[in-house]
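These notes are about the structure you will find just below.
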Amino acid sequence: MNKILQKERFSDKVYRFVVEAPMIAKSRKPGHFIILRVDEKGERIPLTIAAADEKAGTITLVVQNVGVTSAKLCNMEAGETLTDLVGPLGKATHISKVGTVLACGGGVGIAPLLPIVEGFKKAGNKVISVLAARNKDLIILEKEIRQWSDEVIVMTDDGSYGNKGLVTQGAEEVINREKVDECIAIGPAVMMKFTSLLTKKYNIPTQASLNSIMVDGTGMCGACRVTVGGRTYFTCVDGPEFNAHEIDFDEMIKRLGGYVEEEKAAYERFVASDKI
Amino acid sequence: MAFSKEYLTEQRNAEWRVELRQQIKNKERTEIERVKMPELDPVKRAKEQRIEVNIGLSKEQAVLEARRCMDCVNPTCIDGCPVSINIPKFIKNIERGDFPEAAKALKETNTLPAVCGRVCPQEKQCEASCFYTQKLKKPPVAIGYLERFAADYERESGQMSLPEVAEPNGIKVAAIGSGPASLAFAGDMVKAGYDVTVFEALHEIGGVLKYGIPEFRLPNNTVDAELDILTKMGVNFKKNFIVGKTASFDDLKEMGFKAFFVASGAGLPNFMNIPGENFNGILSSNEYLTRVNLMNASDENFDTPVLYGKNVAVIGGGNTAMDSVRTAKRLGADRSMIIYRRSRQEMPARIEEVKHAEEEGIEFMNLHNPVEYFSDEQGRVNRMRLLKMELGEPDASGRRRPVPIEGSEFDIPVDLVIVAIGVSPNPLIPAALPELKVSRWGTIEVDMETMQSSIPELFAGGDIVRGGATVILAMGDGRRAAAGMDDYLKSSKY
Ligand SMILES: Cc1cc2nc3c(=O)[nH]c(=O)nc-3n(C[C@H](O)[C@H](O)[C@H](O)COP(=O)(O)OP(=O)(O)OC[C@H]3O[C@@H](n4cnc5c(N)ncnc54)[C@H](O)[C@@H]3O)c2cc1C
Ligand code: FES
């Protein structure tokens, strides 16, 4: 049982939660995620740890309302408790001093990007962040990212904030302008795919953090399979970050749709049950 | 842990047992037919995921079956049992109608008799070495059914006895994982006075007993009753806690833990690495069974989804394959098929499970092996290519090696494929402890007498040491580790 201590609304569909989890707050590193269940009937969903406060014994999660579980979670308030929460899971991001790091975040992917940006900055790198989303409302954590970046470029699809255009346009501008030693991309699968194609063209080592479907998160089931460099890996234990240039994104995108029909039906039942 | 010959003889010479033996002639005993386990009707049960297939023996049936046992001078059955249960003693107690005493005899060596009575491969163990099998060439005494009977009787009578617990000694020890190995370990250690905490990564205690084996074979309440006893004896259970991740071994030492028993299981599912295996609709038996058993995915009131198939193929011939294929049938598949590369004779599954599967209308495509999968545009599997096999020379396991028949490929339509070809050791703990000695296969290396690993305060057992094995072997390991750790803690200053 983990208590929600704070809830903040980022947009209609995106919320930030600060949750009590003292052990995890202490042991987590950038790149790690947790798995939680909101209630006894809930499913296990993975969420990346966006920040942690070891002293307060809390972790921060950013949640986008996309299905039954995230909807239930977004309906919860400070003071309520999550039935289960386990972590930290996955491998931590490999952070070292490489020179200039280009950090690309799309939508809620900006949340998991935050601790990584912080890590690279603290390791002495020059960090340039490109934040992208459909519109102004969906650009989250800009202030926090700015705190750990030498420069922040904002891109929106509709031009309602920052520059109009896709994440790749912002990224390519930087690449054309100066030498980039490493790139990290987190966001929707399609966004990561195209960012990866771009950096491949320029031969820039790139890590992408995958949001595969998961069940246990401990390597026990293989729901999170992904092909990297022609080999199958389990995202939850071998990842979530992989060499983006070797990820089979097309397969990954298809696998993300593995339960769409079932999820749609469940969502409809949930909405009909009036719990929203 | 095995009883000495002298002890067994002494017990056998107890007055009541001598009397029982004299009551009925051996010839008469051997003329009694082996009991048939009452079962649910196959058509009805093939719709019920959570109702047990085997109903259990009645008192009369149990007593009659117990009479078949001749209380041999040399009880070879005991040698067939990995934890050396005093089999004649518990069976003779059933014969004389003292069922609680029978349960007690079981618990002298077996922590989870209600579980083992249901899931042990008796036909390869005790029942294989029964005098009836060995010498009379008759069906063996139904030791497994009787074990289950005695354990169930005790539980259902509400007279489950709490084993005696020694004065607490204040020494903290940790068990990692909550499967049968850990539960057996925890039971013995708490009895010896230790302060035991069991850490489990998942949100439920029980390991494979909960997330893997379906309720139509092992009802959850059977496991819960055992967990309840352990809790009452003072074992602490900590769910949602991954040792090596949530906290390191050093953190645990700082928290006061003096020694560790690692029983983290063989959780990592194997795949065949054939083309198309990552299409949607192809999943490991662990994923499938976890969704259905642990997450209740087939119940609309629960949020976790599961895929339903019309034509379901399950790859493999073990217990996991049988559990998966029968689950698929229960969830409404039209065709539920086993694809196995050897013949029925080589199947590692319990004989009873294969029989139950056949009765429930499972199709067996033995001597077939998948070579490739195909999908529709969305990436969902819709067809698989099979290759026919024949049996060649025996291989290292002593079973005849399956050899492909050149040019025999053909395709069948499938919309759900469950891969149940075995598991590898869970790598979490070895990854957290680089100095721990592991084998080429990733299993933890231990001294099989004491279960001590290359790190003195770390013991291990169950599937993480043996690769995929059995509940009873895991339990036996847990008990030996408890004895080994007790010795270690008493003799070292830690
Ligand atoms: C579907 C299926 C059917 C089976 N049927 C039979 C049968 O009929 N008869 C039989 O004898 N055997 C059967 N088996 C095999 C049997 O279940 C196993 O051999 C036995 O459960 C092994 O016990 P264990 O205690 O070693 O580990 P497990 O039962 O595997 O338990 C290990 C537990 O450790 C947890 N864990 C792992 N790492 C950590 C960590 N770092 N921190 C905390 N927790 C951790 C895991 O989540 C898991 O719950 C079956 C197995 C399966 C999968
Ligand atoms: S989520 Fe089950 S193995 Fe990764």
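Convention: sequence-line order gives letters A, B, ...; per-chain numbering from 1. Because the structure is a prediction, the values reported are computed rather than measured.
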At a 4.5 Å cut-off on heavy atoms, which part of [X] comes close to chain B: side chain, backbone, both, or neither?
X      : answer
A:L85  : backbone
A:R28  : neither
A:E40  : backbone
A:I213 : side chain

Strictly distance-based, threshold 3.5 Å: is any side-chain N or O of [X] a donor or acceptor partner for the main-chain N or O of [Y]?
X      : Y      : value
B:S182 : B:G179 : no
A:R255 : A:C224 : no
B:D323 : B:T320 : no
B:N426 : B:I464 : no

When the ring centroid of B:F199 is compared with that of B:F257, is the distance short of 6.0 Å?
yes
Counting only heavy atoms closer than 4.5 Å, note whether [X] contacts chain A via side chain, backbone, both or neither.
X      : result
B:F279 : backbone
B:N296 : neither
B:V306 : backbone
B:E204 : neither
B:D299 : neither

Using a cut-off of under 4.5 Å on heavy-atom pairs, state which of [options] scores highest against chain B.
options                    : value
A:K26, A:K41, A:E43, A:H32 : A:K41
A:E262, A:R225, A:M23      : A:R225
A:E261, A:R37, A:E251      : A:R37

Sort out for me which of [options] touches chain A most, counting heavy-atom pairs under 4.5 Å.
options                : answer
B:G379, B:A247, B:P269 : B:P269
B:T246, B:L268, B:N278 : B:N278
B:M295, B:E300, B:E277 : B:E300

Shortest non-hydrogen contact from A:A208 toward A:I247:
CB-CD1, 4.0 Å
Quick one, A:F10 with A:Y15, criterion ring pair (Phe, Tyr, Trp, His ring centres under 6.0 Å). Give me CA distance, side-chain angles, the key distance, then yes/no.
CA-CA 5 Å; A:F10 278 162; A:Y15 292 85; 8.7 Å; no
Option passing side chain to side chain donor-acceptor pair (under 3.5 Å) with B:N240 (candidates A:T83, A:D84, A:N2):
A:D84
Please determine whether a side-chain nitrogen of the Lys or Arg among A:K7 and A:E77 lies less than 4.0 Å from a carboxylate oxygen of the Asp or Glu.
yes
